[in-house]
Amino acid sequence: MRHTPPVLLVIAHGSRDPRHAATVHALVREVRAQRPGVRVETAFLEFNVPSVHGVLGSLAADGVRDVVALPLLLTRAFHAKSDIPAVLREAPPSLGIRQADVLGPSPLLLTALERRLYEAGLTPADKPTTGIVLASAGSSDPEAIAVIADIAREWRHTGWCAVRPAFASASLPRTEDAVRELRALGCARVAVAPYVLAPGRLPDRIARGAAEADVLADVLGPAPEVARVLLRRYQDACVRELAAIGA
């Protein structure tokens with residue numbers, strides 16, 4: 001009898017900005033294209049439909065028993081630690097749910113960031129003379145902020161002139177301050193790389209802060225590398241479950 005893989009439930013935060021949901025759905029389409037044998041569903045914590053409650057109820061009604069819930073988040077901050085576990089605890093009892101890890105950090109996400117920078121006009125030959133602002137949404141969670149700083153340090157070692165973290169909210173520095181710092185450092189050009197998955201209010205704030213930069217990359221969105229990370233997190237969750245059963 002053929003084993004049916006767990007359903008992958010991608011949980012995004014949601015936004016009043018319609019570009020957000022459109023980008024999430026585009027990413028999920030890329031995931032489905034890369035792994036056609038897995039049923040992939042999408043749900044939102046707020047602002048958009050379908051809701052997490054609604055999708056979980058539909059899955060239970062369909063007779064699904066195994067679900068991997070994947071937070072569509074780049075860092076393990078409040079939503080991954082609190083909001084998503086809370087809503088999953090309210091799932092129908094017939095569902096066996098495991099929560100996958102957040103997407104970041106991952107070398108594949110650095111590759112996706114560089115993809116967006118090259119699409120915006122840079123080339124690999126520009127790396128030694130270009131300073132990068134790694135601009136994230138920001139968080140009040142110290143763990144999440146430390147992860148962004150670690151990613152910036154790691155990315156610097158791949159050949160860029162310099163890499164500085166920046167935040168659209170909750171933390172400092174802001175994008176515009178990091179741009180000016182790299183100018184003062186002597187970088188020939190400055191590029192802003194948004195470390196965000198989809199458009200919205202905070203990515204727009206990043207874009208405004210990039211006004212004095214030479215290059216502004218697009219959000220990560222449905223980059224194939226992002227879809228690959230998502231599927232790796234799904235697979236890791238499946239492997240952990242099998243290991244737990246075997247133990």
Side-chain angles (χ1 to χ4, degrees), residues 8-33 40-56 69-84 86-87 102-104 109 112-113 115-117 119-120 133-141 144-145 147-148 151 165-179 191-213 215-227 229-230 233:
L8 170 55
L9 174 60
V10 177
I11 301 177
H13 181 270
S15 170
R16 292 186 178 91
D17 188 323
R19 297 172 300 166
H20 175 90
T23 302
V24 170
H25 290 308
L27 174 58
V28 170
R29 286 194 296 272
E30 176 65 24
V31 170
R32 291 187 180 119
V40 186
E41 300 290 345
T42 310
F44 298 90
L45 284 174
E46 54 184 340
F47 301 122
N48 302 104
V49 293
S51 68
V52 180
H53 287 294
V55 173
L56 291 174
L70 191 146
L72 195 60
L73 301 167
L74 293 171
T75 58
R76 190 173 175 272
F78 181 79
H79 294 307
K81 294 177 179 178
S82 180
D83 285 351
I84 291 176
V87 75
V102 297
L103 301 185
L109 293 177
L113 286 166
R115 170 190 290 274
R116 295 304 188 221
L117 286 168
E119 289 171 350
V133 177
L134 179 67
S136 80
S139 173
S140 58
D141 188 306
I145 297 304
V147 166
I148 300 300
I151 293 169
F167 307 94
S169 68
S171 307
L172 296 173
R174 295 287 183 256
T175 301
E176 53 268 35
D177 297 324
V179 169
V192 174
Y195 190 61
V196 293
L197 288 166
R201 179 176 58 88
L202 294 179
D204 283 349
R205 186 178 296 172
I206 290 172
R208 290 193 296 272
E212 297 178 19
V215 174
L216 170 63
D218 200 357
V219 299
L220 292 171
E225 296 86 358
V226 177
V229 175
L230 199 153
R233 298 294 182 255

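All of these numbers come straight from a predicted model, not from anything done at the bench. All residue numbers refer to positions in the sequence shown, counting from 1.
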> Please identify each residue that fulfils side-chain contact (heavy atoms from CB on, under 4.5 Å) with Arg16, with sequence neighbours left out.
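Phe47.
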> Could you point out which residue of Val229, Leu109, Ile151 forms a side chain to side chain contact (heavy atoms under 4.5 Å, CB included) with Leu74?
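Among the candidates, only Leu109 passes.
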> Can you name the nearest heavy-atom pair linking Val179 to Gly209, along with the distance?
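The answer is CG2-O, 4.2 Å.
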> I'd like to know if the side chain of Arg205 and the backbone of Ala168 have a donor-acceptor N/O pair within less than 3.5 Å.
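Side chain of Arg205 to backbone of Ala168: a pair is present.
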> As an exercise, state the distance from NE2 of His13 to CD1 of Ile84, rounded to the nearest 0.5 Å.
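So the NE2 of His13 and the CD1 of Ile84 are separated by 9.0 Å.
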> For the residue pair Leu9 and Ala43, what are the closest heavy atoms and their distance?
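Shortest heavy-atom contact: CD1-CB, 3.9 Å.
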> If you look at every heavy atom in Phe44 and Gly14, which pair is closest and at what distance?
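Looking at all heavy atoms of both residues, the closest pair is CD2-CA, 3.7 Å.
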> For the backbone of Val40 and the side chain of Arg32, can you confirm whether one donor and one acceptor N or O come within less than 3.5 Å of each other?
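A pair under 3.5 Å: yes.
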> Mind checking whether Leu27 and Val10 have side chains closer than 4.5 Å, heavy atoms only?
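A side-chain contact under 4.5 Å is absent here.
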> Do Ser139 side-chain atoms and Ile145 backbone N/O form a donor-acceptor pair below 3.5 Å?
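Not at all, since once roles are kept as given, no pair shorter than 3.5 Å links the two residues.
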> Apply the test side-chain contact (heavy atoms from CB on, under 4.5 Å) to residues Asp141 and Thr75: give CA-CA distance (whole Å), side-chain angles for both, the deciding distance (0.1 Å), then the verdict.
CA-CA 10 Å; Asp141 188 306; Thr75 58; over 6 Å; no
> Write down the atom of Pro50, the atom of Thr42, and the distance for their closest heavy-atom approach.
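Closest heavy-atom pair between Pro50 and Thr42: CG-O, 3.2 Å.
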> Verify, without hydrogens or angle tests, whether Arg76 (side chain) and Ala144 (backbone) share a donor-acceptor contact under 3.5 angstrom.
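Between the backbone of Ala144 and the side chain of Arg76 there is no qualifying donor-acceptor contact (under 3.5 Å).
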> Taking all atoms of both residues into account, what is the closest heavy-atom pair of Ala210 and Thr175, and its distance?
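For Ala210 and Thr175, the tightest heavy-atom pair comes out as N-CG2, 4.0 Å.
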> Just verifying a value: how many Å separate Asp218 CG and Leu117 CG, rounded to the nearest 0.5 Å?
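Going from CG on Asp218 over to CG on Leu117, the span is 10.5 Å.
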> For residues Asp204 and Arg19, determine if any side-chain heavy atom of one lies less than 4.5 Å from a side-chain heavy atom of the other.
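Heavy-atom side-chain distance check passes, below 4.5 Å.
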> Tell me, with the steps shown, if Ile206 and Val196 meet side-chain contact (heavy atoms from CB on, under 4.5 Å).
CA-CA 10 Å; Ile206 290 172; Val196 293; 4.2 Å; yes
> Working to the nearest 0.5 Å, report the span between NE2 of His25 and CD of Glu30.
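So the gap between those two atoms works out to 16.0 Å.
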> Can you give me the closest heavy-atom contact between Val87 and Leu56, atom names plus distance?
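Taking every non-hydrogen atom into account, O-CD1, 4.4 Å.
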> Only pairs at least two apart or in different chains count here, so list each side chain to side chain donor-acceptor pair (under 3.5 Å) that has a residue in residues 47-56.
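Sorted result for residues 47-56: His53-Glu90.
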> Show me the donor-acceptor pairs, under 3.5 Å and distance only, between side chains in residues 219-226 and residues at least two apart or in other chains.
from: Glu225; atom 1: OE1; to: Arg115; atom 2: NE; distance (Å): 2.9
from: Glu225; atom 1: OE2; to: Arg115; atom 2: NE; distance (Å): 3.1
from: Glu225; atom 1: OE2; to: Arg115; atom 2: NH2; distance (Å): 2.9

> Exactly one of Pro199, Ser15, Pro203 should register a side chain to side chain contact (heavy atoms under 4.5 Å, CB included) with Thr23. Which one does?
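With Thr23 as partner, Pro199, Ser15, Pro203 yield a single side chain to side chain contact (heavy atoms under 4.5 Å, CB included), made by Pro199.
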> Is a donor on one side and an acceptor on the other found under 3.5 Å between the side chain of Ser136 and the backbone of Phe167?
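Such a contact is absent between Ser136 side chain and Phe167 backbone.
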> Out of the candidates Val28, Leu103, Ile11, only one should pair with Leu72 under the side chain to side chain contact (heavy atoms under 4.5 Å, CB included) rule; please name it.
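Considering Val28, Leu103, Ile11, a side chain to side chain contact (heavy atoms under 4.5 Å, CB included) with Leu72 is found only for Leu103.
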> Within the structure provided, determine whether Val31 and Leu8 are in side-chain contact (heavy-atom separation under 4.5 Å).
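Yes, close enough: below the 4.5 Å cut-off.
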